[in-house]
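Okay, so here's the structure we're looking at.
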Amino acid sequence: MPAQSTAPPVLELRSLTRTHGTGIAEVHALRGVNLTVRAGELVAVMGPSGSGKSTLLTLAGGLDTASTGQVIIEGQDIATLTRKQLAALRRRSVGYVFQDYNLIPALTAAENIALPRELDGISVRKARKEAREALSGMKLAEVVDRFPDEMSGGQQQRVAIARALVGDRRLVLADEPTGALDSETGEAVLALLRTRCDAGAAGVMVTHEPRYAAWADRVVFLRDGSVVDQTLSTDAGSLLAAEGAQ
Ligand code: ADP
Ligand code: MG
C-alpha cells in the first residue's frame, strides 16, 4: 500500500505520552507520539532498546493506559470505554502477538487459539474448528493437540500468531514476533502478517531486523520515546545505515 493511502485509519495515536514513576525516578517511556495506521498497512517500529517500542504497542492495544494523549481504534477513543467494553474491543478487534508468545501452558494449541473466540461467545465447536483450520493453513496441523511445552519455539510463535489472527481482527500488533525464530520461519511469519494486512487489517510490528522491516509499508524509528523518522521501507536500509541502528 502506498504511503499516501486514503483507506480509513484503524489505529490513531495522538500526542501519546507514558511516564513511569515520579520525581527522580521518572521515566518518559513515550514523549508525544503521533501515528496513524490505515487498513491495509503494515508498519514496522524500530529503535534501540529502551526507546519505547513495547510501550507504544501495549498502549495501542489497550493493555496499558497513556499518561496523556489518545489511542483511537476504529474511530473509538479507548479512554471513553468501560473496562468491559475495552476487553470486548481487544478480543474482537485487536490481535496481539507477545514477544514471549504468552500461550497458556495448560491448554493445547487449538484450545489456546479458540479461547478468545469462546470468551467472545462463539460456540466451542465453531471456535475449535476455526483453530484447526488456522493451524492447517499454517502447515501446523500436527500440533493441534499439543501443549506449549511439546512444541518448538517456532511452532509456539506461529500458534501465538494464529491466535492473534483468528476471527476478524482489524488491528494486529506484534512485538518482535520473529525474535527467536530461524530466518526461514521468520519470513513465513512476516508473510502471514503481510497477507493479513493485504486483506484489510492494519498491522504494527516491532522488529530489529531490516530484512523483516522490508515487508512493511513504512518504518517508524523511535528514540528516547519520540518518533525520529518515518520512511518507506524501501528507503529503510540507507536510513538505518545513517542512523547507525542495527
Ligand atoms: P523498548 O521496547 O523499545 O525496549 P520499552 O517500551 O520497554 O522499550 O521501555 C521504554 C522505557 O520505559 C525504558 O526506559 C524502560 O526502562 C521504561 N519502562 C518500561 N516499562 C516500565 C515500567 N513498568 N516501570 C518503569 N519504567 C518502565
Ligand atoms: Mg521491547
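The chain is numbered in sequence order, starting from 1. Start at 1 and go down the list; that is how both ligands and their atoms are numbered.
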(Q) Hydrogens and angles aside, do Thr17 and Ser67 bring a side-chain donor and acceptor to less than 3.5 Å of each other? (A) no

Against heavy atoms of [X], which atoms of ligand 1 measure under 4.0 Å?
X     : answer
Pro48 : 3 (O)
Ser49 : 4 (O)
Val27 : 12 (O), 14 (O), 17 (C)

Q. Which N, O or S atoms belonging to the protein are less than 2.8 Å from the Mg ion (ligand 2)?
A. Ser54 OG

**Q.** Gly52, any N or O under 3.5 Å of ligand 1 N or O
**A.** yes

Distance-only donor-acceptor pairs under 3.5 Å for side chains of residues 146-155, two or more places apart:
| unit_1 | atom_1 | unit_2 | atom_2 | d |
| --- | --- | --- | --- | --- |
| Glu150 | OE1 | Phe147 | N | 2.9 |
| Ser152 | OG | Gln155 | N | 3.1 |
| Gln155 | OE1 | Ser152 | N | 3.0 |

Q) How far is atom 12 (O) of ligand 1 from its nearest protein heavy atom, and which residue and atom name does that atom have? A) Ala29 CB, 3.3 Å

Q.
Is atom 16 (O) of ligand 1 touching the protein, meaning some protein heavy atom lies under 4.0 Å away?
A. no

Q) Distance below 4.0 Å between atom 21 (C) of ligand 1 and any protein heavy atom? A) yes

**Q.** ligand 1-proximal atoms of Lys53, by part, heavy-atom distance under 4.0 Å
**A.** both

Q: For ligand 1, indicate whether the residue Thr55 contacts it via side chain, backbone, both or neither (heavy-atom separation under 4.0 Å).
A: both

Q | Ionic contact status for Asp224 with Arg31, cut-off 4.0 Å | A | no

Q. Is the shortest distance from a Lys or Arg side-chain nitrogen in Arg194 or Asp217 to a carboxylate oxygen in the other one below 4.0 Å?
A. yes

Q | Set of ring pair (Phe, Tyr, Trp, His ring centres under 6.0 Å) partners for Tyr101, sequence neighbours left out | A | none

**Q.** For Trp215, the option from Leu190, Thr207, Leu193 that meets side chain to side chain contact (heavy atoms under 4.5 Å, CB included)
**A.** Leu190

Q) For ligand 1, is there an atom lying under 4.0 Å from some heavy atom of Gly225? A) no

Q) Looking only at heavy atoms of Gly50, does any of them come nearer than 4.0 Å to an atom of ligand 1? A) yes

Show me the donor-acceptor pairs within less than 3.5 Å that the side chains of residues 104-119 make with the rest of the protein, sequence neighbours left out.
| unit_1 | atom_1 | unit_2 | atom_2 | d |
| --- | --- | --- | --- | --- |
| Thr108 | OG1 | Glu111 | N | 3.1 |
| Thr108 | OG1 | Glu111 | OE1 | 3.4 |
| Glu111 | OE1 | Thr108 | N | 2.9 |
| Asn112 | OD1 | Ile104 | N | 2.7 |
| Asn112 | ND2 | Ile104 | O | 3.1 |
| Asn112 | ND2 | Leu107 | O | 3.0 |
| Asn112 | ND2 | Thr108 | O | 3.2 |
| Arg117 | NE | Glu130 | OE1 | 2.8 |
| Arg117 | NH2 | Glu130 | OE2 | 2.7 |
| Glu118 | OE2 | Arg128 | NE | 3.1 |
| Glu118 | OE2 | Arg128 | NH2 | 3.4 |

